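Since the structure comes first, as structure tokens, the remarks are kept for the end.
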Amino acid sequence: MRKKVLMVDMDEVIVEKGFLYLINKYLGTNYKDTDFTQFRMQEIMPPKQRIEFFKWFKNYNMYDFCSFVDHAKENLKLLNEYYDILIATAYIFPEAPEISGKFLGDKFNFLYGNLPFISPTNLAFINRKDLIRAYCKIDDGVKNLRYAEKLFLFPAYHNRDLSEEILNPLGIEKVDGWDDVSRRLLPK
């Protein structure tokens, strides 16, 4: 029997803190993710400074500074036994599309090296995740949660204030983290 497809986002769902680390390093600040409300952390800088930031950013591998979200790795391994996991992750920064190839390579190498139980053929590098159809989608961005039977909004700094009144009409359910995802999706 063919497994149902779970589409899982990467940044702020599987891994976190790398981009924040580099923002702080560049700005000489000590921001925490809770200091941000907007989806794109770089919007804390004026547009011209963002261009300079990405020129600097391309010299680093963000994933050298990332950590796994609590319980992500072990729950992905469990879910992989029952579902066909497709990791769908954006890789193009609108302010700096010219660094996209390097960033894509950094993402691939991190996923390939750290999640060996997920086939490299199940890694999708795509900014338009709304184009993907799956049984369940797990993402921290509301705009990516369409065209699935189950839509799970993963908690992140930028979506913490979204209410059930906004999400319910869209068919989106908030989850509390990876253990909650597994409780909802694994057989009892």
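Just so you know, these numbers come straight off a predicted model, no measurement behind them.
The minimum heavy-atom distance linking Ala88 with Ile126 is given by the pair CB-CG2, 4.3 Å. Of all heavy-atom pairs between Val13 and Ala72, the closest is O-CB, 4.3 Å. The two residues Thr89 and Met10 come nearest to each other via the heavy atoms OG1-CB, 3.5 Å. The two residues Asp139 and Gly141 come nearest to each other via the heavy atoms OD1-N, 2.8 Å.
In the hydrophobic clustering of ILVMFWY residues, with side-chain heavy atoms under 4.5 Å counting as a link, Val175 and Phe68 come out together. Hydrophobic cluster membership differs between Phe154 and Met7, with clusters built from Ile, Leu, Val, Met, Phe, Trp and Tyr side chains linked at under 4.5 angstrom. Ile85 and Tyr147 fall into different hydrophobic clusters, where Ile, Leu, Val, Met, Phe, Trp and Tyr residues are linked whenever their side-chain heavy atoms come under 4.5 Å apart, directly or through other members. At a threshold of 4.5 Å between side-chain heavy atoms, the hydrophobic network of Ile, Leu, Val, Met, Phe, Trp and Tyr places Leu20 and Trp56 in one connected group. Follow the hydrophobic side-chain contacts under 4.5 Å out from Val15 and you never reach Phe39; the two are in separate clusters.
Applying the salt bridge (Lys or Arg N to Asp or Glu O under 4.0 Å) test to pairs two or more places apart or on separate chains, those with a residue in residues 26-35 are Lys17-Asp33. Residue pairs meeting the salt bridge (Lys or Arg N to Asp or Glu O under 4.0 Å) criterion with at least one member in residues 144-172, sequence neighbours excluded, are Asp130-Arg146. Screening residues 41-53 for side-chain hydrogen bond (donor to acceptor under 3.5 Å, both in side chains) gives Gln42-Glu95, Glu52-Lys55 as the qualifying pairs, with residues at least two apart or on separate chains.
Using modelled atom types, no side-chain atom of Lys129 and backbone atom of Lys143 make a donor-acceptor pair closer than 3.5 Å. Listed for the Asn109 side chain is a donor-acceptor partner under 3.5 Å among the backbone atoms of Gly105.
The closest side-chain donor-acceptor pair between Asn122 and Asp84 falls under 3.5 angstrom.
Qualifying ring pair (Phe, Tyr, Trp, His ring centres under 6.0 Å) partners for Tyr82, counting only residues two or more places apart in sequence or in other chains: none. Looking at residues two or more places apart in sequence or on another chain, you find a ring pair (Phe, Tyr, Trp, His ring centres under 6.0 Å) between Phe19 and Phe53, Phe57, Phe93. Tyr31 meets the ring pair (Phe, Tyr, Trp, His ring centres under 6.0 Å) test with Phe36; sequence neighbours excluded. Residues meeting the ring pair (Phe, Tyr, Trp, His ring centres under 6.0 Å) test with Phe108, sequence neighbours left out: Tyr112. Considering only residues two or more places apart in sequence or on other chains, Asn75 meets the side-chain contact (heavy atoms from CB on, under 4.5 Å) condition with His71, Leu78, Trp178, Asp179, Ser182. By the side-chain contact (heavy atoms from CB on, under 4.5 Å) test, Leu104 is found to be paired with Tyr91, Phe125, residues two or more places apart in sequence or in another chain being considered. Considering only residues two or more places apart in sequence or on other chains, Ser100 meets the side-chain hydrogen bond (donor to acceptor under 3.5 Å, both in side chains) condition with none of them. For Thr34, there are no side-chain hydrogen bond (donor to acceptor under 3.5 Å, both in side chains) partners two or more places apart in sequence or in a different chain.
Contact of the Lys137 side chain with the Asp9 side chain is not registered, since no non-hydrogen atoms from C-beta on lie closer than 4.5 Å. Using a 4.5 Å heavy-atom cutoff, the side chains of Phe152 and Leu185 are in contact. No side-chain heavy atom of Phe54 sits under 4.5 Å from any side-chain heavy atom of Glu98. Counting heavy atoms from C-beta outward, Glu173 and Arg184 have side chains that approach closer than 4.5 Å. Taking 4.5 Å as the limit, every side-chain heavy atom of Leu86 sits out of range of all side-chain heavy atoms of Leu6.
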Problem set entry | Audit row: Leu111, Ile118, side-chain contact (heavy atoms from CB on, under 4.5 Å) steps and yes/no | CA-CA 8 Å; Leu111 291 167; Ile118 295 180; over 6 Å; no

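A distance of 8.5 Å separates CG in Asn61 from SG in Cys66, rounded to the nearest 0.5 Å.
Aromatic pair Tyr26/Tyr60: ring centres not closer than 6.0 Å.
Under a 4.0 Å N-O distance rule, the pair Lys107/Asp11 qualifies as a salt bridge.
Grouped by direct or indirect side-chain proximity (heavy atoms under 4.5 Å, Ile/Leu/Val/Met/Phe/Trp/Tyr only), Leu151 sits with Val142, Leu145, Leu153, Leu162, Ile166, Leu167, Leu170, Ile172.
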